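All values reported here derive from a predicted model rather than from experimental measurement. Sequence positions, counted from 1, serve as the residue numbers for this chain.
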Amino acid sequence: MPASATESNMIHSARVLFAILIGLPSGLVVGQSKPLVSPADYGKVESLGAGRPSPDGRWFAFLVSRVDEGSELRIYDTVRDSTRTIPWGANPRFATSSRWVAWTVNLPVAERERLQRDKKPIRTGAGVLDLRSGAERTFSAIASLAFDASGRYLALLGYAPDEPEGKGADIRILDLSGGSEIALGNVAEFAWSDVGSLLAVTIASGSDAGNGVQVYDAATGRTLGLDASSSTYRQLGWRKDASDLAVYRSNGPASKPGDRRTLIAWRNVNAATPTRLVLDPTSLGLVDTLEVVEHRKPLWSPDGKRIAIGLRPVMLDSTSTVSDTARAGPSGGAADLPGVQIWHTRDVQIIPMQQVRRQAAGRRTLLAIWEPDTPRLIVAGSHLQDDALVTDTWRHAIERVRDPYPTGEMFGRPYHDLWTIDLASGQRVRLLEKVRHEWVSPDGRYLLWFDGKDYWAHNLISGSRRHLTTGVP
């Protein structure tokens, strides 16, 4: 029976392969040893890390790490098909103009370990590359950096000195196009605005004198002092696409730390006389058991008529229930107390998890909305352990209340009730009970949730509700 065309091709291929194998040395065919991967070779194995494209899409910066703990930043030009490598580079960010890219520079592993052994601080550097000319600049001891909205200016904040405590660091503002540079001293925090090239800084002198808030206009070189006092200033918050600014100021001097804060805001800070706004909680009926704290960054509404802030219950001085004798021990030294942890069945979290989350819990706040022009203060949050947020329309706030379902929280199936707060009237409404997942639409108009079987949508404006998956198999 004659072979088919397919069978003929297979027979021919087998004959060719057999001829090749006969012509090879026997050591390469039978008993060939496979090369072993040495530790040095294994250390060269690379892993691709996070990447970031430039705004114009031409450049792509990404991280590469190796098994031997080495790492580098690679900047790829998609037009020329070329790559620039930055040893120990990390955290790339492009200017909005796509002309410059900046990054932080980590220390090599051996250097970090040496500093750790010597109990010395580990400080990162920074670099910036002109993607048009290829010119690169590097800087040492840079804690943070950021481009302005135009992409022309770059701010580089150094490290604060160890003494005096609370003193700020020097910040350098580079004009990348013009080549000039200026420096400001004692800067604790900085933030660029979304419009123009306005840089807000908080000044911390390390004492009760010379502290304040300033705004530097990089385009004109003008510096405006907005506030000065003996207090500390925290959490600069610009309004999006505007020149309105807010910040928390401590009620006491910098030398006497405390949680209580005052919110100060300015409208149109680059005007000849910016409008100054000060939140006085006592005049707005805020109960004396709540206080303004710094842990929630001030958030402006798009129209600038409202500011979301954080409140916390007033912390009272605690008194110890352990006697001095018991704490000191019978000999007057430190007591050797047993390391026993007692877990109560009503504890939502076991003790080790409570300890892990203690610091984060100490920074949780109640969401509140301040309307300076009314004036009015709406407390939207009801419990520190619950999450509250403002929708993008700023017509409602939404809070997840977990208290009714501790068992689900304990065993990995957390439930919550969903409350909505009308920011015009302050009215609270429990919208949903015992839900696990919900999503707010980007325009803040709809709420989507899953009840375990079907998807639903609720119109927060009209109050109508719709079953989305009815009739779907």
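Judged by distance alone, the side chain of Arg364 and the main-chain N or O of Leu384 form a donor-acceptor pair under 3.5 Å. Checked by atom type and distance alone, the side chain of Trp238 pairs as donor or acceptor with a backbone atom of Ala191 at under 3.5 Å. The backbone N or O of Thr232 sits nowhere less than 3.5 Å from a side-chain atom of Tyr248 that would complete a donor-acceptor pair. Between the side chain of Asp56 and the backbone N or O of Ser98, no donor-acceptor pair lies under 3.5 Å. For the pair Gln214 (side chain) and Thr202 (backbone), a donor-acceptor distance under 3.5 Å is absent. Between the side chain of Asn459 and the backbone N or O of Tyr446 there is no donor-acceptor pair closer than 3.5 Å. No donor-acceptor distance shorter than 3.5 angstrom exists from the side chain of Ser231 to the backbone of Pro253, with no hydrogens or angles considered. The main-chain N or O of Lys434 is found under 3.5 Å from a side-chain atom of Tyr405 such that the two form a donor-acceptor pair. Here the side chain of Thr391 pairs no donor or acceptor atom with the backbone of Ala397 at under 3.5 angstrom. A donor-acceptor pair is defined here as one N or O able to donate and one able to accept, closer than 3.5 Å; no such pair exists between the side chain of Trp419 and the backbone of Arg400.
With rounding to the nearest 0.5 angstrom, the CG atom of Leu145 is 8.5 Å from the OG1 atom of Thr124. The NZ atom of Lys120 sits 9.5 Å away from atom CD of Glu111, with the distance rounded to the nearest 0.5 Å. Expressed to the nearest 0.5 Å, how far CD of Gln116 lies from CG of Leu107 amounts to 10.0 Å. Rounding to the nearest 0.5 Å gives a distance of 8.5 Å between OG1 of Thr138 and CH2 of Trp103. Distance check: Asp422 CG to Arg428 CZ gives 12.5 Å after rounding to the nearest 0.5 Å. Here the straight-line distance linking atom CG of Leu377 with atom CD1 of Ile309 works out to 5.5 Å at 0.5 Å rounding.
In this structure, Leu226 and Val215 have side chains that are in contact, with non-hydrogen atoms separated by less than 4.5 Å. Between Arg137 and Leu129, every side-chain heavy-atom pair lies at or beyond the 4.5 Å cut-off. Looking only at side-chain heavy atoms (C-beta outward), Pro302 and Trp394 come within less than 4.5 Å of each other. In this structure, the side chains of Ile182 and Arg172 stay at 4.5 Å or more apart for every pair of heavy atoms. Contact annotation: the side chain of Leu431 approaches that of Arg465 to within less than 4.5 Å [non-hydrogen atoms, C-beta and beyond]. Within the 4.5 Å cutoff, the side chain of Leu174 has heavy atoms near those of the Leu156 side chain. Counting heavy atoms from C-beta on, the side chains of Val379 and Leu367 never come closer than 4.5 Å. The side-chain heavy atoms of His383 and Asp403, taken from C-beta on, include a pair separated by under 4.5 Å.
Checked for salt-bridge contact, Asp148 and Arg152 miss the test: no charged N lies under 4.0 Å from a carboxylate O. Comment: Asp387 engages Arg402 in a salt bridge, judged by a side-chain N to carboxylate O separation of less than 4.0 angstrom. Between Asp373 and Lys305, no side-chain nitrogen of the basic residue sits less than 4.0 Å from a carboxylate oxygen of the acidic one, so the salt-bridge criterion is not met. Ion pairing between Glu291 and Arg261 fails under the 4.0 Å rule for side-chain N and carboxylate O. Ion pairing of Lys167 with Glu165 is absent here, as no side-chain N (NZ or NE/NH1/NH2) approaches a carboxylate O to less than 4.0 Å. Between Asp392 and Arg445 there is no salt bridge, since none of the side-chain N atoms of the basic residue sits less than 4.0 Å from a carboxylate O of the acidic one. Electrostatic pairing of Asp130 and Arg99 counts as a salt bridge here, judged by a charged N lying under 4.0 Å from a carboxylate O.
Atom CG of Asp303 sits in a crowded spot, with more than 12 heavy atoms from other residues, nucleotides or ligands closer than 6.0 Å.
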Task: Derivation and outcome, side-chain hydrogen bond (donor to acceptor under 3.5 Å, both in side chains), residues Ser205 and Asn186 - done: CA-CA 6 Å; Ser205 65; Asn186 297 340; 5.8 Å; no

TODO: Could you give me the CA-CA distance, side-chain angles and deciding distance for Trp88 and Leu73, then say whether side chain to side chain contact (heavy atoms under 4.5 Å, CB included) is met?
DONE: CA-CA 7 Å; Trp88 303 105; Leu73 171 67; over 6 Å; no

Task: Verdict with reasoning, Asp227 to Tyr233, per side-chain hydrogen bond (donor to acceptor under 3.5 Å, both in side chains) - done: CA-CA 10 Å; Asp227 197 68; Tyr233 297 82; 2.5 Å; yes

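The salt bridge (charged side-chain N to carboxylate O under 4.0 Å, His left out) check on Glu433 picks up Arg430, with sequence neighbours excluded.
Counting only N and O atoms by type, the side chains of Glu438 and His416 include a donor and acceptor under 3.5 Å apart. Side-chain atoms of Thr365 and Arg312 include no donor-acceptor pair closer than 3.5 Å. Trp456 and Asp451 share a donor-acceptor pair across their side chains, judged by distance under 3.5 Å alone.
For the pair Asp175 and Gly178, the tightest heavy-atom approach, listed with the atom from each and the gap, is OD1-N, 3.0 Å. Here the shortest heavy-atom pairing between Ser382 and Leu366 reads C-CD2, 3.9 Å. Heavy atoms only, all atoms of each residue included: Phe147 and Arg93 are closest at CE1-O, 3.4 Å.
Using a 30° and 60° split on the angle between ring planes, Tyr455 and Phe450 fall in the tilted class, from 30° to 60°.
Between Val440 and the choices Thr393, Leu448, Val390, Leu447, the side-chain contact (heavy atoms from CB on, under 4.5 Å) rule is met once, by Leu447.
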